[in-house]
Q: 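Have a look at this one before I ask anything.
All values below were derived from every heavy atom in this structure, side-chain atoms included, with hydrogens, water molecules and symmetry-related copies excluded. The chains referred to below are lettered A, B, ... by the order of the sequence lines, with proteins before strands, and numbering in each begins at 1.
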Number of protein chains: 2
Amino acid sequence: MADVAQAAGVSAQTVSRVLSGRGIVRDSTRAAVDDAVRRLGYQPNLAARTLATGRTRRLGIILTESTSTARIMVEAGAQAACRRLGYRLTSAVVSTTGIRSLRRAADQLRSDGVEGIIVAAPVTARDRWTPKGFPVVSLDDASAGSPEFVTDQRAIGRLATEHLLELGHRTVWCVCGPAQWPEAKARVEGWHAALTAAGVVVPEVLHGDWTPHEGYRMGRLLAEDPSVTGIFAASDELAIGAMHALWDAGRAVPDEVSVVGVDDIPIAAHLCPPLTTVRQPFARLTDAAVRLLVSKLEHRAASAGDDGLDTQLTRPSLIVRSSTAAPASGTDGTHRSRVAQVDASGAGGRRVR
Amino acid sequence: MADVAQAAGVSAQTVSRVLSGRGIVRDSTRAAVDDAVRRLGYQPNLAARTLATGRTRRLGIILTESTSTARIMVEAGAQAACRRLGYRLTSAVVSTTGIRSLRRAADQLRSDGVEGIIVAAPVTARDRWTPKGFPVVSLDDASAGSPEFVTDQRAIGRLATEHLLELGHRTVWCVCGPAQWPEAKARVEGWHAALTAAGVVVPEVLHGDWTPHEGYRMGRLLAEDPSVTGIFAASDELAIGAMHALWDAGRAVPDEVSVVGVDDIPIAAHLCPPLTTVRQPFARLTDAAVRLLVSKLEHRAASAGDDGLDTQLTRPSLIVRSSTAAPASGTDGTHRSRVAQVDASGAGGRRVR
DNA sequence: TATTCATGCCCGTACCGCTCC
DNA sequence: GGGAGCGGTACGGGCATGAAT
């Protein structure tokens, strides 16, 4: 910075003022400094700036190890939102759902100098915990009350299940991720609530991890049971695995069995058949989460109504494609009846609610 | 740090020595310091350490905006490799393939204090460029010579194409990503080479972006041509879109048309039919890239043979599943003949070469 | 010789002070 | 007198170095 100052014929202080935009500088002086900066290719040293201001303009996000598309979209969304607001994002990964793992992740982020943390990993109610020392926003389920930011995961289970019931299915089976995930639990609760509200039998839930593998394993189990006609898979990856198992077993989707997924990952519209799924507005969710965190950071005296989450924006929506249909009334139904009506762009699907 | 020093009854300097592990400290002193650190919950300030040492232990990676699984796996792999080596990773995103965009990304990373950069975005030969001032490792194609790190993208196109030719297809059509991507170009070259080596006609290449959408669009075009029996899609996402288009058009895979993808993304084994694809060893590639970069950083006097890339490890491999078969010899072939033989784990598939 | 301490410096910014009109 | 415009000094929290015990 001293070099720039010398080249511009001013003091280092003035260079700082020009670069930070704070303070009053004559236009001609500013131009001279800008010119010198360009000529010398000067770039401020962030470490020094951080040391001096005490601010890092860096946020942290705690994620799971999983390579699921949902996780990816959350990270990408947070990354983008941070960039838009002039922040950087550091991620930390937890491999287990235990509190120790979380604490370690938070410590790692703290040492990396983050000013706030977004928790996008499962936090079981028993382990309810928030890292001390900086603001936290959670993309966790609302049930525990304390987190500031929520998606209505229960609504996801409800939407999917009601859709299948409305099509005429007697009941709906559920293929889900690990029981200790709040998302999983809440989606199961929504599914359960929809079934009991309809007064139908509630089958046992199948749990696995979130991989297509496990979807396949659980799908095989369900494929053996001829009474199964409707399946709610708690993620698109699980749904894909389950559909594969059904296909292997010779049970047609949706003619014999209907399947609903969750997430609406990019390829969901291009599966055979295109997958009916519940879309989560990841981009909006992460954007809102980051905004909330930044607003906490920048004027801790909360900006009133702005802090409250617009639940309208974060509501999940059902995307109806071709993996769901009314259950076969007769005994057969093996002909490949439905050629998808998806528009050429492929992204379509009728949007409901 | 001063507080810790006082609590431990030593100087700040000694605390620094204990924490950094450099310098000689009596065991009893070390214990006292460690104890004080724990009691006070002290964590060193990275910005200050960086300012003093000039080292950030942070690497950068330049990625595209795409949300393709391949990109994700590269980032995740690099992230993991960095963590293993005690480095942090910052990512920068480019939206265009132009050199300006690259330069901006590099500047952003520079200002973030990275010590080295991994380039995992397309760099066209015309724009051949390396950011000045720090070491760079590229996950780019080898053709340009200068990058230090390569995958044999040509082999990918060759493997896929030869597989289809060996099955008896007269020729192979190609569905590819943007022509300005070196990966795309190299894969097309491999495909082209395999076709000309076999002395068969070389159809025109279809180009789009890397999304399943575009795969669908291009797939529709190919589906209209009854002479098309074998398709090489340059990514699994493209393959999925193409398969969707074929399905929409009523052309069975693999009975009427065979499809080969690239990447072996997690769901590839669970598509209907399970996708034959060329696997790239992403984890190994990124791990090797990060290691090379770090070795450059830590003892610039290259560690001899270690720097040379073990091409054995980075060789792509063909995973044969059920989306490819010999072309129908008769005029028909519409019955759904093959029930997949994939093992229950679903990850399987015969591995070739 | 084995440890420990004291001082300067890394590179910015905050704060205060000084000059001018 | 007051404000625009700019400079000087004192840090921030560590580490390197040489001096001191």
Q: Kindly state each residue pair satisfying salt bridge (charged side-chain N to carboxylate O under 4.0 Å, His left out) with at least one member in residues 9-23 of chain A, sequence neighbours excluded.
A: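 Every candidate salt bridge (charged side-chain N to carboxylate O under 4.0 Å, His left out) pair involving residues 9-23 of chain A fails, so no pair, neighbours aside, qualifies.
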
Q: With distance as the sole test, does B/Glu115 use its side chain to make a donor-acceptor pair with the main-chain N or O of B/Arg57 at under 3.5 Å?
A: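 Side chain of B/Glu115 to backbone of B/Arg57: a pair is present.
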
Q: Measure from CG on A/Leu51 to P on D/dG14 and round the result to the nearest Å.
A: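 Distance, rounded to whole Å: 9 Å.
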
Q: List the residues meeting side-chain contact (heavy atoms from CB on, under 4.5 Å) with A/Ala7, not counting sequence neighbours, and say none if there are none.
A: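 Residues passing side-chain contact (heavy atoms from CB on, under 4.5 Å) with A/Ala7: A/Ala36, A/Arg39, A/Leu40.
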
Q: So how far off straight is the helix from C/dA2-D/dT21 to C/dC21-D/dG2, going by the axes through five pairs at either end, to 10°?
A: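 The value is 50°.
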
Q: Holding to side-chain contact (heavy atoms from CB on, under 4.5 Å), I want the full list of residues that pass it with A/Arg100, two or more places apart in sequence or in another chain.
A: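 Scan of A/Arg100 (side-chain contact (heavy atoms from CB on, under 4.5 Å), adjacent residues dropped) gives none.
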
Q: Identify, residue by residue, the members of residues 25-45 of chain A with a heavy atom below 4.0 Å from DNA chain D, and return them in order of residue number, or none.
A: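 Heavy-atom cutoff 4.0 Å gives A/Val25, A/Arg26, A/Thr29.
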
Q: Kindly write out the residues that satisfy side chain to side chain donor-acceptor pair (under 3.5 Å) with B/Arg49, not counting sequence neighbours, or none if the list is empty.
A: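 None.
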
Q: Only one of A/Val15, A/Val18, A/Val10 clears side chain to side chain contact (heavy atoms under 4.5 Å, CB included) with A/Val25; which?
A: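 Only match with A/Val25 under side chain to side chain contact (heavy atoms under 4.5 Å, CB included): A/Val18.
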
Q: Chain A on DNA chain C: first and last contacting nucleotide, 5' to 3', under 4.0 Å to a heavy atom?
A: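 On DNA chain C, the outermost contacted nucleotides are C/dC11 to C/dC15.
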
Q: Would you kindly give the CZ-to-C1' distance between B/Arg49 and D/dA16, to the nearest whole Å?
A: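 Going from B/Arg49 (CZ) to D/dA16 (C1'), I get 14 Å.
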
Q: Go through the structure and list residues passing side-chain contact (heavy atoms from CB on, under 4.5 Å) with A/Ile72, not counting sequence neighbours.
A: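 A/Ile72 satisfies side-chain contact (heavy atoms from CB on, under 4.5 Å) with B/Ile72 once adjacent residues are dropped.
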
Q: Just to verify, what does B/Asp34 make a side chain to side chain donor-acceptor pair (under 3.5 Å) with, not counting sequence neighbours?
A: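 Partners of B/Asp34 by the side chain to side chain donor-acceptor pair (under 3.5 Å) criterion come out as none, since no residue qualifies.
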
Q: Taking CD in B/Gln6 as the centre, count heavy atoms belonging to other residues, nucleotides or ligands within less than 6.0 Å. Is the count above 12?
A: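 No.
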
Q: List for me each residue that meets side-chain contact (heavy atoms from CB on, under 4.5 Å) alongside B/Leu51, sequence neighbours excluded, and say none if there are none.
A: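 Per chain and number, B/Leu51 pairs via side-chain contact (heavy atoms from CB on, under 4.5 Å) with A/Asn45, A/Ala48, A/Leu51.
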
Q: Would the number of heavy atoms belonging to other residues, nucleotides or ligands and lying under 6.0 Å from CZ of A/Arg83 be above 12?
A: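 Yes, the 6.0 Å shell around CZ holds more than 12 heavy atoms from other groups.
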
Q: By nearest nucleotide on DNA chain C, pick out whichever of B/Gly9 and A/Leu46 is the more 5' one.
A: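 Final value for this comparison: B/Gly9.
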
Q: Quick one: which of A/Thr90, A/Val137, A/Leu85, A/Val294 gives a side chain to side chain contact (heavy atoms under 4.5 Å, CB included) with A/Leu59?
A: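 Considering A/Thr90, A/Val137, A/Leu85, A/Val294, a side chain to side chain contact (heavy atoms under 4.5 Å, CB included) with A/Leu59 is found only for A/Val294.
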
Q: Just grab all the salt bridge (charged side-chain N to carboxylate O under 4.0 Å, His left out) pairs involving residues 23-32 of chain A, residues at least two apart or on different chains.
A: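 Every candidate salt bridge (charged side-chain N to carboxylate O under 4.0 Å, His left out) pair involving residues 23-32 of chain A fails, so no pair, neighbours aside, qualifies.
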
Q: Can you pull out the residues from residues 15-23 of chain A that lie within a 4.0 Å heavy-atom distance of DNA chain D?
A: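 Contacting residues: A/Arg17.
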
